[in-house]
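Report on one structure; see the data block that follows.
Note that the structure is a prediction, hence the values are computed from the model and not measured.
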Number of protein chains: 2
Amino acid sequence: MQQVERHTLRELIVESGLKATHQRIVVYEALTLLHSHHPTAEEVHLHLKPENPSISLGTVYKTLDSFVDAELIRRVLTEEGGKRYDANITAHSHIYCSNTREVIDYEDTELEQLLTDYFKKRRVENFEIKSFSVQLTGKKVEPDKQISISRLIK
Amino acid sequence: MQQVERHTLRELIVESGLKATHQRIVVYEALTLLHSHHPTAEEVHLHLKPENPSISLGTVYKTLDSFVDAELIRRVLTEEGGKRYDANITAHSHIYCSNTREVIDYEDTELEQLLTDYFKKRRVENFEIKSFSVQLTGKKVEPDKQISISRLIK
DNA sequence: CTGCGTGCAAAAAGTTTGCACCTGT
DNA sequence: ACAGGTGCAAACTTTTTGCACGCAG
């Protein structure tokens, strides 16, 4: 997902039944670039403004909504109450750091497999499950090596 | 949790180091009553108004924040972007219905145990995990008996 | 050329804050 | 008595909406 060129983004958008406008392409591109940030609409807009001064925040909101509807991207669950978006729609989990309020990707194929197997045999009553993910909450513990210059400058 | 009388609620609040004011007691009570709704601050306020006309929405917001800080209740993760609260702080998971936008409790001790065991042996790097929960997303499938008059009227 | 998408600005929703007054301990 | 909590209203943040214009198919 890291290095997808514009041509492919356009195709993905068209395949979802949406018009591939310039705005949609750059919003999608921004999401893949900022994927580890799980950005808000405003963060996407901020990121795009320098290169695309005319793009409006309203359009970013509408675009993200269309993408979610089209299942091109997904909303990230959050305790904070804001809307965050994730271009990575493959099965993966998230860790919420209650200190920094970040949402960090947690990719663990063994865990995904464990749950896939579990839900294969155990159906939930009156419910058609589309996806599942594990939400971990905790606190980042900085390893020594991460006490770098950027920290000391502050 | 269903049937906790006011005396006990008061004790829980005091034990968390908070003053047991009338407002806090009724807010907590409302949360336990509406627990399956995972209400927002506004829904709690609406529920309380008839019996407590003078309680202000601002106080409900502040009270819920204090309760979360005191770990008396927890925020419910949501895709919608609003803040929802849950008085049930025991390990349990949630199902999000993309049709009705409800968050439904999913209690499955086998699942909780599976995950507890899994995370007991597998520590997450640079992270101190405090809690985890599984988020299922899907669509409610109404069983026949639920096709009731209210549906046909529409 | 046609309808969906965009930009803009205003409005609505949701949440926080400041401050004078009140109340549990 | 006094620290902490409450009510109220204003401010702020975030998201949605309506509409005239623009552009992809």
ask   = Is atom NE2 of B/His92 surrounded by more than 12 heavy atoms (other residues, nucleotides or ligands) closer than 6.0 Å?
value =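 Above 12, so yes.
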Which part of the nucleic acid, if any, lies within contact of [X], taking any heavy atom under 4.0 Å across all strands shown: a base, the sugar-phosphate backbone alone, or nothing?
X: A/Ala41; value: nothing
X: B/Thr21; value: sugar-phosphate
X: A/Ser54; value: sugar-phosphate
X: A/Asp65; value: sugar-phosphate

In whole angstrom, give the distance that lies between atom [atom1] of [X] and atom [atom2] of [N].
X: B/Gln23; N: C/dT23; atom1: CD; atom2: C1'; result: 9 Å
X: B/Asp69; N: D/dG4; atom1: CG; atom2: P; result: 15 Å
X: A/His45; N: C/dT6; atom1: NE2; atom2: C1'; result: 12 Å
X: A/Arg24; N: D/dG22; atom1: CZ; atom2: C1'; result: 14 Å
X: A/Glu80; N: C/dT15; atom1: CD; atom2: C1'; result: 13 Å
X: A/Leu57; N: D/dT13; atom1: CG; atom2: C1'; result: 11 Å
X: A/Arg75; N: D/dT15; atom1: CZ; atom2: C1'; result: 11 Å
X: B/Lys83; N: C/dA13; atom1: NZ; atom2: P; result: 19 Å

query = Think A/Ser56 has a side-chain N or O under 4.0 angstrom from the OP1 or OP2 of C/dT6?
reply =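 The answer is no; no side-chain N or O of A/Ser56 sits under 4.0 Å from OP1 or OP2.
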From C/dT6, C/dG24, C/dG14, nucleotide with atom closest to B/Glu42 side chain =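 Looking only at heavy atoms from C-beta outward on B/Glu42, the closest nucleotide is C/dG14.
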Shared hydrophobic cluster for A/Leu9 and A/Ile73 (ILVMFWY, side-chain gaps under 4.5 Å) =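 Yes; A/Ile73 is reachable from A/Leu9 via cluster members.
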task = Assign each of B/Tyr61 and A/Gly58 to its nearest nucleotide of DNA chain C by heavy atoms, then name whichever residue's nucleotide is nearer the 5' end.
result =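 Mapping each residue to its closest nucleotide by heavy atoms, the 5'-most match is A/Gly58.
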ask   = So which one's nearest nucleotide on DNA chain D is more toward 5', B/Leu18 or B/Pro53?
value =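 So the residue in question is B/Leu18.
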task = Would you confirm whether the ring centroid of A/His45 sits within less than 6.0 angstrom of the ring centroid of A/His47?
result =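 Centroid separation for A/His47 and A/His45: 6.0 Å or greater.
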ask   = Between B/Glu102 and B/Thr100, is a side-chain hydrogen bond (donor to acceptor under 3.5 Å, both in side chains) present by the stated rule, with each step listed?
value = CA-CA 5 Å; B/Glu102 289 171 280; B/Thr100 65; 2.7 Å; yes
request  = Look at the side chain of A/Lys62 and the base of D/dG18, then say whether one donor and one acceptor between them are separated by less than 3.5 Å.
outcome  =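 By the distance-only test, yes, there is a pair.
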query = Rounded to the nearest 0.5 Å, how far apart are CG of A/Asp117 and CD of A/Gln113?
reply =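 Rounded to the nearest 0.5 Å, the CG-CD separation comes out at 4.5 Å.
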